[in-house]
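Read through the structure below, which is laid out as structure tokens, and then see the notes.
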Amino acid sequence: QVELAESGGGSVQAGGSLKLSCVASGYTYNGLCMGWFRQAPGKERKEREGVAAIYTGSGTTYYDDSVKGRFAISHDNAKRTLYLQMNSLKPDDTAMYYCAAVPHLFCGLRMDLYNYWGQGTQVTVSS
């Protein structure tokens with residue numbers, strides 16, 4: 001069982017930055033595939049979009065094209081915390097952001113890869 005708790009969302013103007021955090025607990029695995037997903041207003045859960053992912057064992061990262069060069073995913077193993085640094089934010093980035101995890105070497109941006117989900121943190125970007 002992996003428990004996830006996100007924080008760091010908020011409201012910013014376009015061009016601004018935010019850093020999301022996700023604390024993971026309740027597991028003893030050496031490596032996790034962890035990802036950030038977002039659900040835009042009016043979209044259903046199944047329409048969540050994979051933004052970035054990382055395999056904590058190797059540090060291998062994955063990014064959606066829409067955020068490459070603007071977002072950076074990282075993980076602090078000692079703190080068991082996943083981060084998403086978001087720069088040059090755009091109104092289209094407005095969404096509820098969810099942290100997800102799965103104790104699996106196979107990692108990526110597909111929702112069906114992940115077993116565990118946090119409750120989400122809201123990010124709102126105004127123009």
Side-chain angles (χ1 to χ4, degrees):
Q1 184 75 17
V2 181
E3 297 179 357
L4 303 169
E6 305 97 330
S7 62
S11 297
V12 296
Q13 291 190 326
S17 298
L18 282 173
K19 186 172 185 178
L20 307 183
S21 300
C22 172
V23 178
S25 61
Y27 70 96
T28 58
Y29 311 108
N30 289 329
L32 287 178
C33 171
M34 299 189 75
W36 288 100
F37 288 77
R38 63 188 180 189
Q39 184 171 343
K43 298 288 188 180
E44 298 182 1
R45 185 182 188 278
K46 63 181 180 181
E47 297 176 284
R48 285 180 188 177
E49 175 188 22
V51 174
I54 185 169
Y55 179 66
T56 64
S58 64
T60 302
T61 58
Y62 308 81
Y63 291 97
D64 184 77
D65 286 346
S66 65
V67 304
K68 281 181 181 176
R70 300 190 299 123
F71 291 10
I73 190 171
S74 61
H75 183 261
D76 185 323
N77 285 328
K79 295 182 178 179
R80 293 193 168 190
T81 302
L82 179 73
Y83 301 100
L84 185 68
Q85 176 67 48
M86 304 186 295
N87 300 324
S88 302
L89 282 161
K90 305 174 181 179
D92 284 350
D93 296 318
T94 294
M96 184 72 80
Y97 282 71
Y98 295 89
C99 174
V102 60
H104 201 284
L105 176 63
F106 184 68
C107 198
L109 300 179
R110 284 169 36 198
M111 269 192 68
D112 60 0
L113 291 175
Y114 295 85
N115 291 342
Y116 303 101
W117 293 83
Q119 295 300 307
T121 185
Q122 179 67 40
V123 172
T124 302
V125 184
S126 58
S127 58

Begin from the C-alpha positions of Tyr83 and His75 and carry the test side chain to side chain contact (heavy atoms under 4.5 Å, CB included) through to its verdict.
CA-CA 6 Å; Tyr83 301 100; His75 183 261; over 6 Å; no
Counting C-beta onward and ignoring hydrogens, is there a side-chain heavy-atom pair between Tyr55 and His104 closer than 4.5 Å?
no
For Lys46 and Met111, which heavy atoms make the closest approach, and how far apart are they?
O-SD, 4.1 Å
Short question: side chain of Glu6, backbone of Thr121 - any donor-acceptor pair under 3.5 Å?
no
What heavy-atom pair brings Gly108 and Ala53 nearest, and what distance separates the two atoms?
O-CB, 3.4 Å
Under-4.0 Å salt bridge between Asp92 and Lys90:
no
Closest contact, heavy atoms only, Pro91 versus Ser126
CG-C, 4.4 Å
Could you report the tightest heavy-atom contact between Pro41 and Ala95, atom names first, then the distance?
CD-CA, 4.4 Å
Test Ile73 against every option in Leu20, Val51, Leu84 by the side chain to side chain contact (heavy atoms under 4.5 Å, CB included) rule and name the one that passes.
Leu84
Give a yes/no verdict on a cation-pi contact between Arg45 and Tyr98, requiring under 6.0 Å between NZ or CZ and the six-membered ring centre and an angle within 45° of the axis.
no
Between Leu113 and Trp117, is there a shared hydrophobic cluster once you connect ILVMFWY residues whose side-chain heavy atoms come closer than 4.5 Å?
yes
Answer with yes or no whether the side chains of Asn87 and Ser17 bring together a donor and an acceptor at under 3.5 Å.
yes
Has the side chain of Thr56 got a donor or acceptor atom that lies under 3.5 Å from a matching backbone atom of Gly31?
no
Indicate, with yes or no, if the rings of Tyr114 and Phe37 have centres closer together than 6.0 Å.
yes
For Arg38, which residues count as a salt bridge (charged side-chain N to carboxylate O under 4.0 Å, His left out) partner, sequence neighbours excluded?
Glu49, Asp93
I'd like to know whether Met34 forms a side chain to side chain contact (heavy atoms under 4.5 Å, CB included) with Leu4, so could you lay out the CA-CA distance, the side-chain angles of the two residues, the decisive distance to 0.1 Å, and finally the verdict.
CA-CA 10 Å; Met34 299 189 75; Leu4 303 169; 4.0 Å; yes
Assigning hydrophobic clusters by single linkage (Ile, Leu, Val, Met, Phe, Trp, Tyr; side-chain heavy-atom cutoff under 4.5 Å), is Ile54 placed with Tyr27?
yes
Kindly indicate whether the side chain of Cys99, heavy atoms from C-beta on, has any atom under 4.5 Å from the side chain of Trp36.
yes
Taking side chain as C-beta onward, heavy atoms only, is Leu109 less than 4.5 Å from Asp64?
yes
Heavy atoms of Val125 and Thr94 approach each other most closely as N-OG1, 2.9 Å
Using side-chain heavy atoms (C-beta onward) and a distance below 4.5 Å, is Phe106 in contact with Cys33?
no
Interatomic distance, OG@Ser21 vs NZ@Lys79, rounded to 0.5 Å, equals 9.0 Å
Val23 with Leu82, same ILVMFWY side-chain cluster at under 4.5 Å:
no
Quick one: do Tyr63 and Arg70 satisfy side chain to side chain contact (heavy atoms under 4.5 Å, CB included)? Show the steps, please.
CA-CA 10 Å; Tyr63 291 97; Arg70 300 190 299 123; over 6 Å; no
Rounded distance (nearest 0.5 Å) linking atom CE of Met96 with atom CD of Gln39:
8.0 Å
Please step through side chain to side chain contact (heavy atoms under 4.5 Å, CB included) for the pair Leu32 and Val102, ending with a clear verdict.
CA-CA 6 Å; Leu32 287 178; Val102 60; over 6 Å; no
Would you indicate whether the side-chain heavy atoms of Gln122 and Tyr97 approach each other to under 4.5 Å?
no
